[in-house]
Amino acid sequence: MKSWAGAMAGVALLGAVSVTPAHAGVTAEGQFESSINSWRAGNESRRWWDNNSTSDYTGIYFSGCEADGGGGFNYAGLTLWKDIPNAPDRSRGTRTNYCGWVDYGDPNEQANHYFSLTDVSHGTYISVDYVKVAW
């Protein structure tokens, strides 16, 4: 309950400056839903196009998380990337997902994006029953 209140307070604060996380119950520019099966560090999501028609944050949601290590799932490190053809891709930041939402802010440019798994706690791979990416 405490995290829900904090999230709503954050949404209210962000809404006051016309920036809204894509998962805040408003219509996002785009989204997709998926799952992850036995990902190791270095695995990448599919690419998606953000035409930056809104000021929505890009967010990644995990639910039903498992890891192969003895301590169970603790967290996953996720990096959001801007896909740049014929050049090295550019990192938009790395966040720690504790089996919930992580936000990356508004990319503020048109581009293809994807996320990669950079770190797994308690093991070498993760599986996630439900993944939602919204932008």
Side-chain angles (χ1 to χ4, degrees):
M1 191 64 168
K2 191 176 197 180
S3 63
W4 175 253
M8 290 299 96
V11 168
L13 176 62
L14 292 171
V17 293
S18 299
V19 177
T20 307
H23 65 275
V26 297
T27 303
E29 179 181 317
Q31 67 181 31
F32 69 87
E33 298 173 345
S34 187
S35 61
I36 290 175
N37 187 17
S38 299
W39 271 27
R40 299 176 189 282
N43 280 105
E44 301 175 352
S45 72
R46 73 170 183 86
R47 271 63 171 162
W48 68 88
W49 176 254
D50 183 347
N51 68 13
N52 201 41
S53 63
T54 66
S55 295
D56 289 340
Y57 282 18
T58 297
I60 302 169
Y61 176 73
F62 281 2
S63 176
C65 306
E66 298 178 17
D68 67 328
F73 183 90
N74 188 23
Y75 66 84
L78 302 174
T79 298
L80 179 65
W81 294 95
K82 176 184 176 185
D83 188 10
I84 303 174
N86 303 315
D89 294 345
R90 187 170 78 216
S91 171
R92 307 296 288 171
T94 299
R95 304 287 187 273
T96 302
N97 190 314
Y98 296 97
C99 204
W101 275 106
V102 292
D103 287 315
Y104 291 85
D106 180 8
N108 205 25
E109 62 185 319
Q110 295 181 341
N112 278 312
H113 291 88
Y114 65 97
F115 71 89
S116 66
L117 180 65
T118 58
D119 189 20
V120 177
S121 69
H122 299 122
T124 57
Y125 72 84
I126 64 167
S127 295
V128 181
D129 292 337
Y130 178 75
V131 176
K132 181 176 183 177
V133 178
W135 61 94

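E44 and Y114 make their closest contact through CD-CE1, 3.6 Å (heavy atoms, listed as atom of the first residue, atom of the second, distance). Closest non-hydrogen pair, F73 versus A76, comes out as CZ-N, 3.7 Å. In terms of heavy-atom proximity, D83 sits nearest to D89 at OD1-OD1, 3.3 Å. Nearest heavy atom pair, residue R92 against residue D106, reads NH2-O, 4.5 Å. Summarising the geometry of S121 relative to A67, their closest heavy-atom pair is O-CB, 3.8 Å, with the distance given to 0.1 Å. Across all their heavy atoms, S38 and S127 have their closest contact at N-OG, 3.0 Å.
Of the possible donor and acceptor atoms, none in the side chain of T58 sits under 3.5 Å from a partner among the backbone N and O of Y104. In this structure, the side chain of D103 does not engage the main chain of G105 through any donor-acceptor pair within 3.5 Å. Using modelled atom types, no side-chain atom of T79 and backbone atom of S116 make a donor-acceptor pair closer than 3.5 Å. Under a 3.5 Å cut-off, the side chain of N52 and the backbone N or O of S55 do not form any donor-acceptor pair. For Q31 (side chain) and K132 (main-chain N/O), no donor-acceptor pair under 3.5 Å exists by modelled atom type. W48 places no side-chain N or O within 3.5 Å of a backbone atom of A134 that could act as its donor or acceptor partner. Put simply, the side chain of D68 gets close to the backbone of T124: a donor and an acceptor are under 3.5 Å apart.
The distance from the SG atom of C65 to the OH atom of Y130 is 12.5 Å, given to the nearest 0.5 Å. Expressed to the nearest 0.5 Å, how far CD of E29 lies from CG of D56 amounts to 7.0 Å. With rounding to the nearest 0.5 angstrom, the CZ atom of R90 is 10.5 Å from the CG atom of L80. Within the model, atoms OG of S34 and CD1 of I60 stand 11.5 Å from one another, a figure rounded to the nearest 0.5 Å. Rounded to the nearest 0.5 Å, atoms OG1 (T96) and CG (D119) are 7.5 Å apart. The CD1 atom of I126 sits 10.5 Å away from atom CG of N37, with the distance rounded to the nearest 0.5 Å.
Taking the six-membered ring where the residue is Trp, W101 and Y61 present tilted rings, their angle falling between 30° and 60°.
Within the 4.5 Å cutoff, no side-chain heavy atoms of H113 are placed close to those of W135. Between F62 and V102, every side-chain heavy-atom pair lies at or beyond the 4.5 Å cut-off. Counting heavy atoms from C-beta on, the side chains of L78 and L117 come closer than 4.5 Å. Contact of the S91 side chain with the W81 side chain is registered, since non-hydrogen atoms from C-beta on lie closer than 4.5 Å. Looking at heavy atoms from C-beta onward, D129 lies out of side-chain contact with S35 at the 4.5 angstrom threshold. Residues K82 and P107 have side chains not in contact (no heavy-atom distance under 4.5 Å, counting atoms from C-beta outward). In this structure, the side chains of W49 and Q110 come closer than 4.5 Å at one or more pairs of heavy atoms.
With Y125 as the aromatic partner, R40 does not meet the cation-pi criteria of under 6.0 angstrom to the ring centre and within 45 degrees of the ring axis.
Under the 4.5 Å side-chain heavy-atom criterion for grouping Ile, Leu, Val, Met, Phe, Trp and Tyr, F32 is connected to I36 within one hydrophobic cluster.
With ring centers used as reference points, W39 lies under 6.0 Å from F115.
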